[in-house]
Amino acid sequence: MIQKSPPRELDEEGGESAFLMALRHVVEAQGGVAAIAERAKVSRESLYRALSPKGNPTLRTMTAVIKATGIHFHDLTRHNPEPIAG
């Protein structure tokens, strides 16, 4: 089970890396990079790069990956986190 919570870290120094690391964990829990890349219609290599500690994914890639994991953007901003199955 993965706990959702607002990505407050994004507002802090280095927050992007923390968010990408968290998303990488979600991707692994949802079937791995290859499966999510296929669902998101991005190459596996591009997804590995995007989720790397120095990744700089486009908004289009992030949107596709987040949707492919089953997460909705409104869930990322909720104040009362609820667990999601993983």
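Note that the structure is predicted; figures quoted are calculated from it, not measured.
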- Item | Selection residues 57-68 - residue pairs positive for side chain to side chain donor-acceptor pair (under 3.5 Å), sequence neighbours left out |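 Found Thr58-Thr61.
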- Looking at CG of Leu59 and CD1 of Ile66, how far apart are the two atoms once the value is rounded to the nearest 0.5 Å?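 Leu59 CG to Ile66 CD1: 8.5 Å, rounded to 0.5 Å.
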- Distance in Å, Met21 CE paired with Ser52 OG, rounded so as to fall on 0.5 Å steps: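 Taking CE in Met21 and OG in Ser52, the distance rounds to 11.0 Å.
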Residue pair [X] / [Y]: nearest heavy atoms and the distance that separates them:
X     : Y     : value
Gln30 : Arg39 : O-NH2, 2.7 Å
Gly31 : Ala35 : O-CB, 3.6 Å
Ser17 : Pro53 : OG-O, 3.2 Å

- Item | Within 6.0 angstrom of Glu28 CD, more than 12 heavy atoms from elsewhere |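 Yes - once you tally the heavy atoms of other residues, nucleotides and ligands closer than 6.0 Å, there are more than 12.
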- Stepwise side chain to side chain contact (heavy atoms under 4.5 Å, CB included) test for Met62 and Leu20: CA-CA 10 Å; Met62 291 301 300; Leu20 290 175; 4.0 Å; yes
- side-chain contact (heavy atoms from CB on, under 4.5 Å) involving Ala40 - partner list, sequence neighbours excluded: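 Testing Ala40 for side-chain contact (heavy atoms from CB on, under 4.5 Å), a comparison that skips the adjacent residues, returns Val42, Ala64, Val65, Ala68.
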